[in-house]
Amino acid sequence: MIRVGMGYDVHQLVAGRDLWMGGIKLEHELGLLGHSDADVLIHAICDAILGAANMRDIGYHFPDTAAETEGMDSKVILKKTIELIATKGYHLVNIDATICAERPKMNPHIPAMQQCMAAVIGCDVDAISIKATTTEKLGFTGRQEGISAYAVALIEK
């Protein structure tokens, strides 16, 4: 049995925070605001994986009101998400994700993101597709107020 899920996440860019994307820290003058490390890409991926397994979303499993999730490394959330779907007999087949950001440029960092997440998940790097785009200076991402990410995940039992 195969199932597909879709995820979306967005976080505001602010001064005084590190910018984490796909499990790696990027050099940038702004970081993403959130209860955890605010890794928008991993959050969208986790929502896609959980959605495919009909297991709600990361806010349900890792609430932003819980002290134990404050400042949490999103790689931990990703690992626990893979463990959660395994309780229903599922494993990840592949991910296809898109990051929407004006700056910093994401393309040079994509191979490192793929390698990092593949190591966390325990899958082949080829199972993780990441693309990056801008919004041509339109909307909140175009004004560099935030970054969003979309993801689709295929799982199998």
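Counting begins at 1 with the first residue of the sequence. Basis for what follows: all heavy atoms, side chains included, without hydrogens, waters or symmetry-related copies.
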For [X], look at atom [atom1] and say whether over 12 heavy atoms of other residues, nucleotides or ligands are found less than 6.0 Å away.
X      : atom1 : value
Glu27  : CD    : no
Lys88  : NZ    : yes
Ile2   : CD1   : no
Asp124 : CG    : yes
Lys131 : NZ    : yes

So if you build clusters from Ile, Leu, Val, Met, Phe, Trp, Tyr with side-chain heavy-atom gaps below 4.5 Å, do [X] and [Y] land together?
X      : Y     : value
Leu92  : Tyr90 : yes
Leu154 : Leu78 : no
Ile45  : Trp20 : no
Ile24  : Ile77 : yes
Val152 : Ile49 : no

Does a side-chain heavy-atom distance below 4.5 Å link [X] with [Y]?
X     : Y      : answer
Ile95 : Ile121 : yes
Met72 : Ser74  : no
Phe62 : Thr81  : yes
Gln12 : Phe140 : no
His61 : Met55  : yes
Asn94 : Ser129 : no
Leu32 : Met21  : yes
Leu26 : Met106 : yes

So, taking the atom named [atom1] in [X] and the one named [atom2] in [Y], what distance separates them when rounded to the nearest 0.5 Å?
X      : Y      : atom1 : atom2 : answer
Leu19  : Asp37  : CG    : CG    : 10.0 Å
Ile42  : Asp9   : CD1   : CG    : 11.0 Å
Asp18  : Leu30  : CG    : CG    : 11.5 Å
Leu13  : His28  : CG    : NE2   : 5.5 Å
Lys157 : Ile155 : NZ    : CD1   : 8.5 Å
Cys46  : Ile85  : SG    : CD1   : 10.0 Å

Would you say the side-chain atoms of [X] pair up with the backbone N or O of [Y], donor to acceptor, closer than 3.5 Å?
X      : Y      : answer
Gln115 : Val125 : no
Thr98  : Tyr150 : no
Glu102 : Thr135 : yes

Check the orientation of His43 and His11. Use parallel for under 30°, tilted for 30 to 60°, and perpendicular for over 60°. perpendicular
Shortest non-hydrogen contact from [X] to [Y]?
X      : Y      : answer
Ile147 : Ala101 : CG1-CB, 3.8 Å
Arg103 : Gln144 : NH1-OE1, 3.1 Å
Cys123 : Ile128 : SG-CD1, 3.9 Å
Leu41  : Ile130 : CD2-CD1, 4.0 Å
Ala127 : Val93  : CB-O, 3.5 Å
Met1   : Arg3   : SD-CD, 3.8 Å

